[in-house]
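Computation of the quantities below employed the complete heavy-atom set of this structure, encompassing side-chain atoms and omitting hydrogens, waters and symmetry-equivalent molecules. Letters A, B, ... are given to chains in the order of the sequence lines, protein chains preceding strands, and every chain is numbered from 1.
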2 protein chains.
Amino acid sequence: MAKTRVLIVDDEPNIRDLLATSLRFAGFDIQTAANGAQAVTAVTESEPDIILLDVMLPDMNGFSVTKKLRASGIQAPILFLTARDDTEDKITGLTVGGDDYLTKPFSLDEVVARIQAILRRTKTADAEPSIIDAGAIVINQDAHEVSVEGKNVELSPTEYKLLRFLVMNPDRVLTKAQILDHVWEYDFNGDMGIVESYVSYLRKKLDPISSRPLIQTKRGVGYIYKKQD
Amino acid sequence: MAKTRVLIVDDEPNIRDLLATSLRFAGFDIQTAANGAQAVTAVTESEPDIILLDVMLPDMNGFSVTKKLRASGIQAPILFLTARDDTEDKITGLTVGGDDYLTKPFSLDEVVARIQAILRRTKTADAEPSIIDAGAIVINQDAHEVSVEGKNVELSPTEYKLLRFLVMNPDRVLTKAQILDHVWEYDFNGDMGIVESYVSYLRKKLDPISSRPLIQTKRGVGYIYKKQD
DNA sequence: TAGGCCTCTCAACTAACTCTCAGCTTTCTT
DNA sequence: AAGAAAGCTGAGAGTTAGTTGAGAGGCCTA
């Protein structure tokens, strides 16, 4: 299967680069545009499979761009990016037809997860549930549910994202810096102590119902989740 | 089974796009026309299974278009779209046969439901009632009746639509934005607090007669209805 | 025109979550 | 064996998300 083509439309170069780098690494084929006009040009040159679109662009807003794109016959789903405080009025009517939105500042892992969720839903008509099955831990992404050896666990949003990141990268040590960069919002500026805290929270919830410690510490390096012992 | 072909006839590009995107995602094969003349041309090219027709078009009214379509031998049922303040006389006489009408602004979920209702009625001669059977909750769409574990519940129109949307997407978290975009009329521009209010109303009616909480909150994500626990 | 249902808004309240910090334990180094 | 570094965790402050009651206003029916 060819690489999925993603078009990133955002006027802030920082965000654009952050997304481009991160998504390229995640295996996507990336194109970027800094405003609505460029976006319209870009889609005609190479039709993307999905579009990441900032709702507030210098030349036009999300609705106008969407309209122009749709008018050019583009049917690719759109993941809208909005500022936290835009979220009441600006997004209504956006999550139609497989589209979705994400508020800035987001976490990189969340962007990838959303893209995959959208593509899954739009590609296959009747989407089978998206399940990450990694041995002892099974995550149902549609229902946002986690089970350990068959038993359900209730997790807070951050605990969920952290565990998902660990489980999606099994048998690999992830440094605290990597975890911070992927799981926390990109403008988070506390220290890595928070990762330790949340690993602790997870262990407190997971280990009592598991037959073995699930998240292991690699001292001086980071944390690892192993599919089997 | 091949995809159902829907022809959308409306002069407002916004509405056309909204409908096209939404219905395409719902699994229909979409064609569009901006006026009566285009509509007549379109139906001859590819015979639609159902037509969504705005009653007030720039070049001719609903009666004329219908007459022309019928004259070309098209028997597909028509779902008329009318403005809220259009008086009764604009509609009377139109909804003969399997036809029906819907007032603007409508909700997207409602459009899909109506289309399916019409197709059900016109396709199978002896219409068996359309029942959504999702575990504890059973919805009879023809009778607009809801039962929880066999017991009947009276719901207001909005409560009904909200519950239907949740029940038609079981075991999947639906965000407040998705719910707002599908269940509420497309021009609604209040905030998502209303979804919370209506979930609260539903719970007050459903939970007392149910053996388990039916609508669960996924904090930071949305709401979910699970077929079984 | 009054009464009743319905929709929607608002605000108080509650529960849950995020993050920081400090003191503790474990592991490594010399 | 002692000290340093790294990691763990409980407590708590501050914030945010979700729930619910009260009520304004619209619309329909009697």
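Around the CZ atom of Phe188(A), the shell of radius 6.0 Å holds more than 12 heavy atoms that belong to other residues, nucleotides or ligands. By the 6.0 Å contact criterion, CG on Asn189(A) is open, its count of non-hydrogen atoms from other residues, nucleotides or ligands being 12 or less. The environment of NZ in Lys68(A) is sparse: at most 12 heavy-atom neighbours from other residues, nucleotides or ligands sit within 6.0 Å.
One finds no side-chain N or O of Tyr223(A) lying less than 4.0 angstrom from the OP1 or OP2 phosphate oxygen of dA6(D). Between Ser200(B) and dT20(D) there is a side-chain polar atom (N or O) within less than 4.0 angstrom of OP1 or OP2. In this structure, Arg219(A) does not reach the dT26(C) phosphate: none of its side-chain N or O atoms is under 4.0 Å from OP1 or OP2. Residue Lys176(B) has a polar side-chain atom (N or O) positioned under 4.0 Å from OP1 or OP2 of dG18(D). Considering only side-chain N and O atoms, Lys204(B) lies under 4.0 angstrom from the phosphate OP1 or OP2 of dG21(D). For the OP1/OP2 pair of dC5(C) and a distance below 4.0 Å, the side-chain nitrogens and oxygens of Ser156(B) include no atom meeting the criterion.
Side chain of Pro157(A), nearest nucleotide from dC8(C), dT18(C), dG18(D): dT18(C). Of the candidates dC10(C), dA6(D), dC19(C), dC10(C) carries the atom nearest the Ser197(B) side chain, counting heavy atoms from C-beta on. Relative to the side chain of Tyr198(A), the nucleotides dG18(D), dA6(D), dT18(C) differ in distance, and dT18(C) lies closest. Distances were taken from every side-chain heavy atom of Thr158(B) (C-beta onward) to each of dT7(C), dG18(D), dT19(D); the shortest belongs to dT7(C).
Between Leu202(A) atom CG and dC8(D) atom P the separation is 12 Å, expressed in whole Å. Rounded to whole Å, atom P of dT20(C) lies 5 Å from atom CZ of Phe188(A). Rounded to whole Å, atom C1' of dT18(C) lies 17 Å from atom CD1 of Ile179(A). Rounded to whole Å, atom P of dA6(D) lies 20 Å from atom CD1 of Ile194(A). At whole-Å resolution of the value, NZ in Lys161(A) and C1' in dT18(C) are 11 Å apart. If you measure from atom CG of Asp207(A) to atom P of dT9(D), you get 9 Å, rounded to the nearest angstrom. One can place CD1 of Ile215(A) at 13 Å from C1' of dC8(D), the figure rounded to the nearest angstrom. With rounding to whole Å, Lys218(B) atom NZ is found 17 Å from dA15(C) atom C1'.
For Trp184(B) and Tyr201(A), each mapped to the nucleotide of DNA chain C holding its nearest heavy atom, the one lying further toward the 5' end belongs to Trp184(B). Remark on DNA chain C: of its neighbouring residues Glu196(B) and Leu155(A), the 5'-side contact belongs to Glu196(B), judged by nearest-heavy-atom nucleotide.
When each of Val9(B), Thr66(B), Ile118(B) is paired with Ile78(B), the side chain to side chain contact (heavy atoms under 4.5 Å, CB included) condition holds for Thr66(B) and for no other. Here the options are Ile224(A), Ile179(A), Leu162(A), the test is side chain to side chain contact (heavy atoms under 4.5 Å, CB included), and the partner is Leu174(A); only Ile179(A) passes.
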